[in-house]
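Worksheet: one structure, shown below.
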Amino acid sequence: MLTTGANNSSDAAQGVMLNDHQFLLELREKMLRFTILQLSDRVLAEDVVQEALVGALKNAGSFSAKAALKTWVFAILKNKIADALRQRQRLIAVEQPTDDEADEGEFSDLFNGFGVWRGPAHPIAWGSPEKSMEDAHFWRTFEACMEHLPAQLAKIFMMREFIELTTPEICAELALSETSVHVSLYRARVRLRECLENNWFERGKSCAKLS
Amino acid sequence: MLNCRKATRLLSDRLDRPLTLKENVHLKIHLLWCSGCRNFGGHMHRMRNISRGFVDFGADDTTPDGGE
């Protein structure tokens with residue numbers, strides 16, 4: 001089957017990565033998953049990934065380590081996703097979320113009438129997250145939790161945390177007020193946190209796995 | 001006086017904007033006696049690291065199980 005490049009000289013290593021079909025296929029697959037999560041549109045995602053990959057691999061020769069190449073490729077991909085979001089934003093009207101004060105009753109499943117944690121919702125200490133991050137099962141849980149978020153919240157969360165845009169940048173992109181973006185990020189984080197806690201950092205166990 | 005609902009909002013906001021002195025003081029006092037919100041605050045930072053790690057780990061070598 002396909003051979004993985006052994007530790008040849010660094011000159012030889014350059015060619016090895018591009019000829020390593022397995023590596024490229026896996027890389028493409030990872031990029032696609034990352035992009036689909038954010039664009040929720042497979043066809044568009046494939047275009048964006050293709051474009052990023054072609055752009056990135058032109059310079060692949062300057063990377064002798066796969067990890068460095070991957071970081072580079074994802075940096076380019078993030079820019080391409082930001083472009084795609086920017087273009088699409090004009091087509092999709094973004095709902096202006098209602099402000100905080102308007103819904104005191106929000107998260108009534110988590111907080112009681114006094115705004116205090118309800119017993120079962122009380123956040124617990126999480127086990128070692130660093131260990132979790134090396135576990136593929138954890139990432140599947142994470143992706144499932146992301147997919148459970150309302151689309152608009154997920155989008156804003158990903159712009160902030162994956163693409164690493166600042167709040168003012170997101171405001172400009174989506175024509176939302178700064179408060180709206182803060183409210184949306186808050187809602188997304190509360191729900192994502194709850195989902196991760198319930199499905200991964202289970203009570204009393206630090207590495208429970210869903211299967 | 002800050003309740004947990006408002007404290008969690010500040011714990012989220014502080015990842016995106018600097019809190020005012022007043023907000024900071026109220027939050028610190030609340031956290032002194034609220035372990036739930038202390039945990040929540042830690043989780044906010046961990047979630048940021050997790051999100052940033054998604055590219056490096058989550059999108060990294062997944063297990064050989066699954067379809068292909």
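By convention in this document, chain letters (A, B, ...) are assigned in the order of the sequence lines, proteins followed by strands, and residues within each chain are numbered from 1.
- To the nearest 0.5 Å, the span separating CZ on B/Arg9 from CZ on A/Arg187 amounts to 8.5 Å.
- Taken to the nearest 0.5 Å, the CZ atom of A/Phe142 stands 7.5 Å off from the CE atom of B/Met47.
- Proximity to chain A (any heavy atom under 4.5 Å) is shown, for B/Cys37, by both the backbone and the side chain.
- Residue contact with chain B, scored on non-hydrogen atoms closer than 4.5 Å, involves the backbone of A/Phe114 exclusively.
- Residues A/Phe138 and B/Ile50 meet the side-chain proximity criterion, which asks for heavy atoms closer than 4.5 Å.
- To the nearest 0.5 angstrom, A/His122 atom NE2 is 12.5 Å from B/Phe40 atom CZ.
- The heavy-atom pair separating A/Trp117 from B/Gly36 by the smallest distance is NE1-C, 3.8 Å.
- Atom-to-atom distance recorded for A/Arg118:CZ and B/Cys4:SG is 12.0 Å, nearest 0.5 angstrom.
- Looking at A/Leu37, only its side chain comes within 4.5 Å of chain B, counting heavy atoms on both sides.
- Interface remark: A/Leu27 contributes no atoms to any contact with chain B (heavy atom separation under 4.5 Å).
- Judged by distance alone, the side chain of B/His43 and the main-chain N or O of A/Ile124 form a donor-acceptor pair under 3.5 Å.
- Note that the OG1 atom of B/Thr8 and the CZ atom of A/Phe107 stand 7.5 Å from one another [nearest 0.5 Å].
- Side-chain atoms of B/Asn39 come within 3.5 Å of backbone N or O of A/Pro123 as a donor-acceptor pair.
- Considering only heavy atoms from C-beta on, A/Tyr186 stays 4.5 Å or farther from B/Leu11 through its side chain.
- Shortest non-hydrogen contact noted between B/Arg5 and A/Phe111 is CG-CD1, 3.6 Å.
- Listed here is the closest heavy atom pair of B/Leu15 and A/Arg160: O-NH2, 3.0 Å.
- A salt bridge is absent between A/Glu178 and B/Arg17; no separation between the charged side-chain nitrogens and carboxylate oxygens falls under 4.0 Å.
- Residues A/Arg189 and B/Asp13 are not paired through a salt bridge, judged by the lack of any N-O separation under 4.0 Å between the basic side chain and the carboxylate.
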